[in-house]
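Below is one structure, written out as structure tokens, with a few remarks after it.
On a predicted model such as this, the values are computed, not experimentally measured, just so you know.
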Amino acid sequence: MGYHNGMTAPSRVSTQPSSFEVRILRQDAPATAPRWERHRITYEPNLNVISVLQKIATLATTSEGKSTTPVAWDCNCLEEVCGACTMLINGRTRQACSALVDKLLQEDPDGLELRPMSKFPVLRDLVVDRSRMFRALERVRAWIPVDGYGDRGPGPHESQESQQVRYPLSECMTCGCCVEACPQFAKVELRQRSDETDEQFAARKNREYDNSFVGAAAISQAMLFNDHPTGHMNAGERLEALMGPGGIQICGNAQNCVSVCPKEIPLTTSIARAGRQTTVHMLRQFFDR
Amino acid sequence: MDSSPQSFLARHDFLIRRLHSLSGLVPVGAYMVVHLVVNASVLESPAAFQKNVYSIHSLGSLLPLVEWAFIFLPLLFHAIIGVVIVGGGMPNSNQYRYGPNYRYTLQRATGMIAFLFIVIHVFHMHGWLHADFWLEKVARPLGGAKFAPYNAASTAGAALQTTVLVVLYLVGMLSCVYHLANGLWTMGITWGVWTSPAAQARASVVCTVFGILLGVVSLGALFGMRAVGQGESLQEAIQIEDRLYHHKVESGELEPNEHKRAAPVHETEGEMAQSQPSESINSQ
Ligand code: HEM
Ligand code: SF4
Ligand code: SF4
Ligand code: FES
């Protein structure tokens, strides 16, 4: 060091830690009490949260030196297109595979904090049951019905303009970030009763889901398929679903969904458009009946 | 399909929420704008405000009906459903610190403040009920029912002299203004008027300007009223109001009604008024 006061000590050349701490909220089974577990990981450049979890699985030892079971988590694509690895990283809902440790440590040098998503039932550790997301897609009929096998000729043309509106909406991976951050989306977690068969339990769960807030992703998907030239023919059914219990009316315009969506889907535009379509649908029903 | 009967509220949730949204604008929001603008007319003169009050009271026996149909019932509906909505939300603006999310939380907080404020305000100025017994034995001893429509500016102004009340009115009125301005913006999304991010940003500018203007009007009303309620201006206002009253009574435009006049502020005149017909005070 050239100067004794230390003021010019090279800070740019980065004082990367030799190791960092990872705090994980673990849970053994559905509806059991969660507990925090700490792990110390040797620093390497270019880690992401999935590789951190892999290191933790290999170590299988907490930072107190106790041996522990591997932390359970989900992943598939490892490139932010499947949504399976979604969790709360430093309190923010996002995908573990695209969460870079260098950036996270810059934001918060204290280390990482991993929690399962808070709006879905926890299955184990960081794995949650996101079936409510998929049920919501069923609710709003987020598909194009094609009946029969006969050749019905070419479908309607899709304009360049509508293609440009629809493409971003089609990128949704049903990850659930939007509903995780939504202040109007309440968690629904049911437990199977001892006198209930699996089918009965599934039916009860679906009923409960169907009366709870459908969420931004499904609202946006309803718009995607209402915009489709063929899908448009069933627009009324999708709007009816959006106007049912737990429909679009639950949205309180906090707009967190659009802020956290990793695919930057214009969710609040979809919500406003669904608002407009349901307004028109409501008036039409009232005056055309 | 679901065989279990859904509650009436769940089945009609969409319609109820749309009516809630609508009621926030008309009649409740529209009424609030008129109310604040009329009150701010005190800045022009106590007489101007008094004339506005007279034109409202020219509805006579229809006034309570109009008040209930277009103000109290819609407001109660909006407020009660509003409290239910607040109960169903889980504000998380500490965790997700985005502008619109703060506005979401504020919309709920200001709604609750508006609820409390309006209840207190209606007691403070009008005493809730007009029954004589209630007014004399309960409302007035508790500091309520201060407003007398035929001494409008002087009684309202005199009622706004303590710091506590001014702070209460400031918080309450500005909460209502924010709630309406931001509510207007969310309403445009709810009904699908502004859909694209650019349109929502433009609408946000318009709603902000509207909110600031209405905020200025409400400050004008509050401090204008307060200024009339002290010292010389108070005596002047009372004289003007009394002159207007007697003039109207004399010309047969107004039924004499001591209930709508200020009793406590001009005690001595009140006593005289009891011993002599009020018209004769004026002619002396
Ligand atoms: C008195 C107690 C009140 C409560 C508890 C209350 C509550 C609420 C709540 C929770 C919302 C949000 C609805 C949503 O976004 O889904 C709301 C919206 C609104 N409120 Fe109020 N409010 C009250 C009074 C008022 C008053 C006095 C006004 C008018 C000045 C008003 C005007 C509005 C408007 C215009 C909306 C927008 C509706 C929409 O987003 O579609 N509210 N209110
Ligand atoms: S809309 Fe965005 S945040 Fe929501 S599920 Fe789809 S990709 Fe995830
Ligand atoms: S805009 Fe609606 S759906 Fe999106 S986060 Fe806010 S309340 Fe939830
Ligand atoms: S593993 Fe598919 S999004 Fe992360």
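Residue contact with chain B, scored on non-hydrogen atoms closer than 4.5 Å, is absent for A:S270. Heavy atoms of B:W194 lying under 4.5 Å from chain A belong exclusively to its backbone. For A:L283, no part lies under 4.5 angstrom from a heavy atom of chain B. For a residue to count as touching a neighbouring chain, one of its non-hydrogen atoms must lie under 4.5 Å from one of that chain's; by this rule A:F213 does not touch chain B. Within the 4.5 angstrom heavy-atom criterion, atoms from both the backbone and the side chain of B:P197 approach chain A. When heavy atoms are compared at a cutoff of 4.5 Å, B:L15 approaches chain A solely by way of its side chain, counted from C-beta outward.
Checked against the 6.0 Å centroid threshold, B:H121 and B:Y169 count as a close aromatic pair.
Your options are A:T269, A:I248, A:I271, and the one with the most heavy-atom pairs under 4.5 Å with chain B is A:T269.
The CG atom of B:L180 sits 7.0 Å away from atom CG of B:L25, with the distance rounded to the nearest 0.5 Å. To the nearest 0.5 Å, atom CE of residue A:M243 and atom CD of residue A:Q249 are 8.5 Å apart.
Taking the ring axis of B:Y104 as reference, the NZ or CZ atom of B:R108 stays within 45° of it and closer than 6.0 Å to the ring centre. For the pair A:R132 and A:F185, the cation sits on the ring face: its NZ or CZ lies under 6.0 Å from the ring centre, inside 45° of the axis.
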Next item on the list: Before giving the answer on ring pair (Phe, Tyr, Trp, His ring centres under 6.0 Å), spell out for A:H232 and A:F225 the whole-Å C-alpha distance, their side-chain angles and the decisive distance to 0.1 Å.
Entry: CA-CA 7 Å; A:H232 183 69; A:F225 287 97; over 10 Å; no
